[in-house]
Amino acid sequence: MSTELIKTRAIYSGTGRRKCSVAQVRLVPGSGNLVINGIPGESYLQFSPNYLRVSYAPLQVLGLLNQYDIHVNARGGGLTGQADAIRLGVARALCSINPENRSALKSEGYLTRDPRVKERKKYGLKKARKAPQFSKR
């Protein structure tokens with residue numbers, strides 16, 4: 001892209017996280033395409049149509065479904081975590097576009113980060129909380 005196009009196009013960004021997944025989201029005015037790690041969203045999230053619906057949900061709430069292209073760099077975790085991280089990143093980017101969007105997104109729960117993370121394994125235990133079986137003899 002030339003520098004003239006970059007100056008005239010507004011790019012809004014937001015970061016989303018869930019579990020071990022991190023998604024850096026950029027919203028660019030366009031026709032509603034979703035690109036994740038250079039791959040079209042339909043083929044990247046192909047295992048479940050629910051993942052696509054989750055990713056587009058904040059845009060659908062505001063009625064902006066086909067007005068922005070979504071470019072995502074996602075890493076870590078699985079597809080479920082990445083889809084939810086994309087949802088949070090899109091919601092945060094929409095808040096940076098217009099602060100009035102915040103109340104609608106907040107009431108739907110799209111600005112809340114899901115804090116659940118896998119707990120680390122502790123010394124002397126088989127898993128995070130599972131102790132080995134004790135036998136007196």
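Predicted model, so just to flag it, every value in this text is computed and none were measured. Just the heavy atoms: all of them, side chains too, but no hydrogens, waters or symmetry mates, feed the values below.
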| Contact summary for Gly63 and Gln67, nearest pair of heavy atoms | O-NE2, 4.1 Å
| said: Distance check, rounded to the nearest 0.5 Å: Asn101 atom CG versus Leu62 atom CG? | reply: 4.5 Å
| task | Please check if Leu88 and Leu65 belong to a single hydrophobic cluster, counting links between Ile, Leu, Val, Met, Phe, Trp and Tyr side chain heavy atoms closer than 4.5 Å. | result | no
| field | same_hphob_cluster(Tyr68, Val90) at 4.5 Å side-chain heavy-atom cutoff | value | yes
| Joint cluster assignment, Leu94 & Tyr12, ILVMFWY side-chain distance < 4.5 Å | yes
| remark: Heavy-atom closest pair (Leu105 atom, Ala91 atom, distance to 0.1 Å) is CD1-O, 3.5 Å
| request: With side chain to side chain contact (heavy atoms under 4.5 Å, CB included) as the test, would you mind laying out the steps for Ile97 and Leu64 before giving the verdict? | output: CA-CA 12 Å; Ile97 292 173; Leu64 305 172; 6.0 Å; no
| query | Restricting to pairs with a member in residues 88-112, which pass salt bridge (Lys or Arg N to Asp or Glu O under 4.0 Å), not counting sequence neighbours? | reply | none
Let me have the donor-acceptor pairs involving side chains of residues 22-40, under 3.5 Å, with sequence neighbours excluded, atom names and distances please.
unit_1, atom_1, unit_2, atom_2, d
Ser31, OG, Asn33, ND2, 3.4
Asn37, OD1, Ala74, N, 2.9
Asn37, ND2, Tyr44, OH, 3.4
Asn37, ND2, Ala74, O, 3.0

| task | Hey, could you give me the CG/OG1 distance between Leu45 and Thr80, rounded to the nearest 0.5 Å? | result | 9.5 Å
| Do you know which two heavy atoms are closest between Tyr110 and Ala57, and how far apart they sit? | OH-CB, 3.5 Å
All N/O donor-acceptor pairs, side-chain side in residues 124-134, below 3.5 Å, sequence neighbours left out:
unit_1, atom_1, unit_2, atom_2, d
Arg129, NE, Glu119, OE1, 3.0
Arg129, NE, Glu119, OE2, 3.4
Arg129, NH2, Glu119, OE1, 3.3

For residues 14-21, tabulate all N or O donor-acceptor pairs below 3.5 Å that involve a side-chain atom, not counting sequence neighbours.
unit_1, atom_1, unit_2, atom_2, d
Arg18, NE, Asp84, OD2, 3.3
Arg18, NE, Asp114, OD2, 2.9
Arg18, NH2, Asp114, OD2, 2.9
Ser21, OG, Gly76, O, 2.9
Ser21, OG, Gln82, N, 3.4

| said: To the nearest 0.5 Å, what is the distance between CD1 on Ile86 and OH on Tyr51? | reply: 11.5 Å
| query | Would Ser55 and Ile70 count as a side chain to side chain contact (heavy atoms under 4.5 Å, CB included) if you check the C-alpha gap in whole Å, the side-chain angles of each, and the deciding distance to 0.1 Å? | reply | CA-CA 10 Å; Ser55 300; Ile70 306 171; over 6 Å; no
| query | Partners of Asn50 by side-chain hydrogen bond (donor to acceptor under 3.5 Å, both in side chains), sequence neighbours excluded? | reply | Arg53
